[in-house]
Amino acid sequence: MRRRACALAVALAALAAAGCVRVRAHQREVLAHPALAQPPWPEPHAAHQHVYQIREGTGGAAGAGGGGCGCN
Amino acid sequence: MRLQLTARGRASSAVALAARAACTLAASAVLALAAAPARAQVGGDGEQATATAGVRVYADDDRVTVWSPSARAATPLPRGLAVEVTTTIDAVTAASVDVVATASPYAFTETRVEGGIAVGLAVAPYQQAAVRAIVSDERDFTALRLGGGWRAELAERNTTLELTAMVGLDTVGRAGDPGFARDRRELRLGAALTQITDRRGYVAAVLEAVAQRGYLASPYRFVPVELGAAVYHLPERVPDERAALAALARGRRAVGARTFVHLDYRLGRDTWAITSHTATARAARSLRADEVVVGLEARGYVQGAASFHRARYLDDGGAPAWRTRDRTLGRMVSATTAALVEARLPWAELRASASAAWVRFWWRDDPLQARRDAVVASLSLLVPLRSP
């Protein structure tokens with residue numbers, strides 16, 4: 001339990017530290033690349049998730065939540 | 001939509017075939033909807049209206065084949081509105097051991113239709129709210145999903161926060177038994193945070209909670225219970241409440257001029273004591289001046305068993321209160337390898353994407369089937385349209 005809490009704290013700290021970064025619109029050429037979209041292949045992603053949902057016992061948190069890099 | 005069941009064989013096998021057909025489609029219906037993300041973003045490709053047509057194929061070595069043509073149209077509208085409509089048809093051909101103990105020589109086909117609509121509204125600069133409805137119908141299963149979400153790009157668009165909620169209202173029926181109807185309710189809440197880390201990548205955290213209540217068993221599944229040397233069968237019975245929590249950590253990064261790496265890890269846990277771990281790694285490469293993107297993906301999944309799942313159920317002075325033959329509630333492992341490609345075609349700004357995946361499932365507690373191999377392929381074409 002303590003290890004999990006520690007890992008969660010590290011992850012949140014890393015996310016918070018990343019929040020200090022400011023990448024401006026004109027600096028997002030790489031971030032706007034289709035390979036960094038979320039998900040990068042929407043149709044195949046949906047097809048695979050469909051199969052996993054049926055054949056596996058747990059799911060969730062696999063969608064495209066988060067909205068990608070905010071480049072569009 | 002009427003389910004179409006075409007059984008070739010003796011009339012006496014009709015019930016078993018209907019059971020199998022209905023079971024496969026019921027699972028397909030509800031889980032397809034579960035797979036549909038409750039996104040808060042609605043609209044076409046940026047500011048442009050788009051239409052997408054595609055087809056997916058699933059085939060496995062248990063003689064199950066599913067063809068799923070789908071279509072989607074999305075367009076931005078004046079005053080910050082956006083609309084998206086979707087439809088999917090699942091056409092299943094199967095002779096599976098999923099419900100009965102032995103594979104049937106008879107084939108069946110049947111169809112499920114799903115439709116959805118979503119409306120998005122820009123409520124403020126870089127903020128969008130959306131509502132979404134999805135309905136799926138077949139002879140013995142109807143499913144409705146109603147949801148909404150809010151999405152905001154914050155901190156000079158370096159941070160994206162998305163909150164979603166979706167309610168599920170399902171009615172479970174049973175083929176050949178018009179009097180059988182059971183309710184199933186679902187509430188799904190999600191939160192996702194995406195943070196740009198530098199000019200070359202970003203990280204994301206996704207949290208999703210699901211609460212289900214009602215009839216969560218299969219009306220077609222019967223569980224053998226051993227009483228000494230004798231065996232009798234009882235209907236499957238599982239708790240009528242289930243809550244699950246899933247957390248995902250995601251990273252995407254460019255590691256070279258044209259190479260990209262994606263890493264995901266997901267932890268799942270539910271009140272039936274199932275814990276799962278999923279790891280996905282993907283490498284993508286951009287070719288031909290970004291006209292083509294190819295990718296390779298590897299995914300591994302491992303889960304423990306539900307607290308009441310047993311390989312064998314024994315009558316020890318009475319039948320077990322909870323009993324199931326659902327192999328997805330037992331210990332299992334799956335492995336996937338996939339190849340993906342997306343290309344911008346030289347005609348009318350068309351974009352095509354295709355994928356082929358091989359998936360192997362190992363069910364460690366299932367005495368009937370310990371392993372299954374499946375192939376999943378998809379092909380889709382996106383057409384930009386003129387916005388109104």
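In what follows, chains carry the letters A, B, and so on, assigned in the order in which the sequence lines appear, proteins first and then strands, with residues in each chain numbered from 1.
- For B:Gln303, the part lying near chain A is the side chain, with the backbone staying farther off; criterion is any non-hydrogen pair under 4.5 Å.
- Contact annotation for B:Trp363: only side-chain heavy atoms (C-beta onward) come within less than 4.5 Å of a heavy atom of chain A.
- Residues A:Arg28 and A:Val23 have side chains in contact (heavy-atom distance under 4.5 Å, counting atoms from C-beta outward).
- Both the backbone and the side chain of B:Arg199 come within contact range of chain A, judged by heavy atoms closer than 4.5 Å.
- The candidate with the highest count of non-hydrogen atom pairs below 4.5 Å against chain B, out of A:Pro42, A:Gly57, A:Pro44, A:Pro34, is A:Gly57.
- Using a 4.5 Å cut-off between heavy atoms, B:Thr52 contacts chain A through its side chain alone, with no backbone atom that close.
- No side-chain donor-acceptor contact under 3.5 Å links B:Tyr202 to the backbone of B:Thr159.
- With B:Asp198 contributing its side chain and B:Arg200 its backbone, the two residues share a donor-acceptor pair below 3.5 Å.
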Review point. Should B:Phe260 and A:His33 be marked as a ring pair (Phe, Tyr, Trp, His ring centres under 6.0 Å) after you check the CA-CA gap, both sets of side-chain angles, and the distance that decides it?
Key: CA-CA 10 Å; B:Phe260 305 84; A:His33 194 282; 4.5 Å; yes
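- Interface remark: B:Arg242 contributes side-chain atoms only to the contact with chain A (heavy atom separation under 4.5 Å).
- Within the 4.5 angstrom heavy-atom criterion, atoms from both the backbone and the side chain of B:Leu340 approach chain A.
- For B:Val341, the part lying under 4.5 angstrom from a heavy atom of chain A is the backbone only.
- For chain A, no part of B:Arg258 is nearby; none of its heavy atoms comes within less than 4.5 Å.
- At a 4.5 Å heavy-atom cutoff, B:Val302 makes no contact with chain A through either its backbone or its side chain.
- B:Ala338 touches chain A through its side chain: at least one heavy atom from C-beta onward sits under 4.5 Å away, while N, CA, C and O do not.
- For the atom pair OG of B:Ser334 and OH of A:Tyr52, the computed distance is 6.5 Å after rounding to the nearest 0.5 Å.
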Exercise for review: Could you check B:Glu186 against B:Met166 for side-chain contact (heavy atoms from CB on, under 4.5 Å), going step by step and ending with a plain yes or no?
Suggested key: CA-CA 8 Å; B:Glu186 178 180 293; B:Met166 185 168 271; 6.0 Å; no
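- Ranked by heavy-atom pairs under 4.5 Å with chain A, the list B:Tyr301, B:Tyr126, B:Trp272 is led by B:Tyr301.
- Judged purely by atom type and a 3.5 angstrom limit, B:His309 has no side-chain atom pairing as donor or acceptor with the backbone of B:Gly304.
- When heavy atoms are compared at a cutoff of 4.5 Å, B:Thr328 approaches chain A by way of both its backbone and its side chain.
- When heavy atoms are compared at a cutoff of 4.5 Å, B:Val210 does not approach chain A at all.
- The closest donor-acceptor contact from the side chain of B:Arg188 to the backbone of B:Ala209 lies at 3.5 Å or more, if one exists at all.
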Review point. Step by step, would you call A:His50 with B:Tyr58 a side-chain contact (heavy atoms from CB on, under 4.5 Å)?
Key: CA-CA 10 Å; A:His50 189 170; B:Tyr58 169 91; over 6 Å; no
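- Using a 4.0 Å cut-off between a side-chain N of Lys or Arg and a carboxylate O of Asp or Glu, A:Arg55 and B:Asp60 qualify as a salt bridge.
- With a 4.5 angstrom heavy-atom cutoff, B:Arg299 touches chain A only via side-chain atoms.
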